[in-house]
Amino acid sequence: MQPWETTATEKARAEILGALRNSEEAVSGQALSQQLGIGRNSVWKHVQALRQMGYEIVGRTRQGYRLLSVPDTPYPYEIAHELRTHTLGRYAIYLPVTGSTNDVLRDLAKQGAPEGLVVVADAQVSGRGRRGRVWESPVGGGLWVSVLLRPSLMTAQAPLLALLGAVAVAVAVRKETGLDALVKWPNDVTIGGRKVCGILVEMSAEAEVIHHLIIGIGLNVNLRRDQLPEEVRAPATSVLEEYGARVSRVGLLRSILLEMESRYDVLSREGPQTLLEEKRTLSAVLGKEIDVITDSRRLRGLAVSVEDDGALRVRLSDGQEQLFYAGEVSVRG
Ligand code: BT5
């Protein structure tokens with residue numbers, strides 16, 4: 001049995017939840033026991049375990065069990081419920097706390113895990129940004145998620161998948177909340193000029209061919225700004241802070257997976273044009289005066305366009321145009 005495969009215990013719990021969700025009336029222990037082919041005592045144990053996980057299930061003698069509420073925790077059962085994707089999120093692993101979801105998924109990818117496998121954690125103790133930077137991942141209100149892809153693309157096209165992640169998050173946030181989420185080149189999602197999400201793409205490749213690619217998404221959902229350390233607080237925000245109310249993390253995750261998948265299908269079939277067009281309409285930087293910070297320099301100019309390979313074209317103060325493939329951007333004024 002592979003670590004990403006559903007265990008018999010998980011299957012039984014998913015079936016119990018399915019039966020309770022589908023029924024307006026209480027479902028008897030006897031009926032569940034028959035449906036699952038297990039004893040009533042085992043049913044009761046599963047129900048107890050589900051309660052501990054935050055499911056509110058009432059049970060009365062002779063009346064049976066009734067599901068009153070479900071937790072907003074990205075358990076695989078919750079992700080799978082009404083998930084409309086064909087591949088992404090069909091297998092999912094939930095961890096209350098881990099080092100980095102990208103690391104967990106990389107190890108599973110090496111063991112042959114299937115495309116679409118999702119690892120999601122409630123907290124990360126060594127969440128990473130790019131170039132060894134720290135990604136703050138406190139418990140409870142974030143979506144710290146990694147998605148495994150096995151694209152037939154060349155390594156040079158990997159930045160397109162970071163873009164795909166950012167566009168999918170921005171669109172999902174817009175659809176779920178109506179907030180004006182934008183994509184900030186190269187890999188952030190911002191709301192009102194503040195960073196709400198960062199994307200970290202890591203891959204394993206050989207001779208220009210990608211073996212697997214991991215899209216790591218860090219999205220501040222139901223976090224208050226004061227749950228983040230002071231040094232990242234000012235330029236950061238969360239969906240909660242902008243929307244003014246909590247939103248379903250699980251619902252948002254399902255929506256992100258769906259938006260990712262539809263764009264991934266189009267990208268694989270038709271190439272990057274549609275994605276790049278969409279990125280242009282969602283861009284937080286195009287047409288703006290910006291500073292571009294690369295390893296060695298800080299340059300000032302006007303963000304003119306995003307090229308087909310994902311590069312940012314900037315018209316510098318001296319009128320010259322330059323392409324940037326990596327770096328940081330800060331929008332001025
Ligand atoms: C990123 O890096 O923005 C990519 C972040 C990716 C995080 C996900 S979570 C799931 C998966 N597992 C991981 O270990 N990582 C991925 P970068 O562009 O380098 O930005 C990092 C900078 O963002 C930091 O130096 C801080 O300034 C800021 N920052 C850190 N935590 C933040 C947070 N929670 N919200 C907003 N900004 C934050």
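We count ligands from 1, going down the list as the structure has it; atoms in each ligand are counted the same way.
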For Leu20, does its backbone N or O pair with a side-chain atom of Ser23 as donor and acceptor, under 3.5 Å? no
Any donor-acceptor pair under 3.5 Å from Glu261 side chain to His86 backbone: yes
Return a table of donor-acceptor pairs under 3.5 angstrom between the side chains of residues 195-203 and protein atoms on other chains or two or more places apart.
unit_1	atom_1	unit_2	atom_2	d
Lys195	NZ	Asp188	OD1	3.1
Glu202	OE1	Asn102	ND2	2.8
Glu202	OE1	Arg128	NH2	2.7
Glu202	OE2	Arg128	NE	3.4
Glu202	OE2	Arg128	NH2	2.9

Would you check if the side chain of Arg313 reaches a backbone N or O of Ala303 as a donor-acceptor pair within less than 3.5 Å? no
In a simple table, one pair per line, please give the protein and ligand 1 atom names for every N or O pair closer than 3.5 Å, along with the distance.
unit_1	atom_1	unit_2	atom_2	d
ligand 1	2 (O)	Arg130	N	3.2
ligand 1	3 (O)	Lys195	NZ	2.8
ligand 1	12 (N)	Thr101	OG1	3.2
ligand 1	12 (N)	Gln124	OE1	3.0
ligand 1	14 (O)	Ser100	OG	2.7
ligand 1	14 (O)	Arg128	N	2.8
ligand 1	15 (N)	Arg128	O	2.9
ligand 1	18 (O)	Arg130	NE	3.1
ligand 1	18 (O)	Arg130	NH2	3.0
ligand 1	18 (O)	Lys195	NZ	3.4
ligand 1	19 (O)	Arg130	N	2.8
ligand 1	19 (O)	Arg133	NE	2.7
ligand 1	19 (O)	Arg133	NH2	3.0
ligand 1	20 (O)	Lys195	NZ	3.0
ligand 1	31 (N)	Glu136	N	2.9
ligand 1	34 (N)	Glu136	O	3.0
ligand 1	34 (N)	Asn220	OD1	3.2
ligand 1	35 (N)	Asn220	ND2	2.8

Other hydrophobic cluster members with Leu95, side-chain heavy atoms of Ile/Leu/Val/Met/Phe/Trp/Tyr under 4.5 Å, chained? Trp4, Tyr91, Ile93, Val104, Leu105, Leu108, Leu117, Val119, Leu148, Ile214
Across all chains, not counting sequence neighbours, the side chain to side chain donor-acceptor pair (under 3.5 Å) partners of Gln322 are none
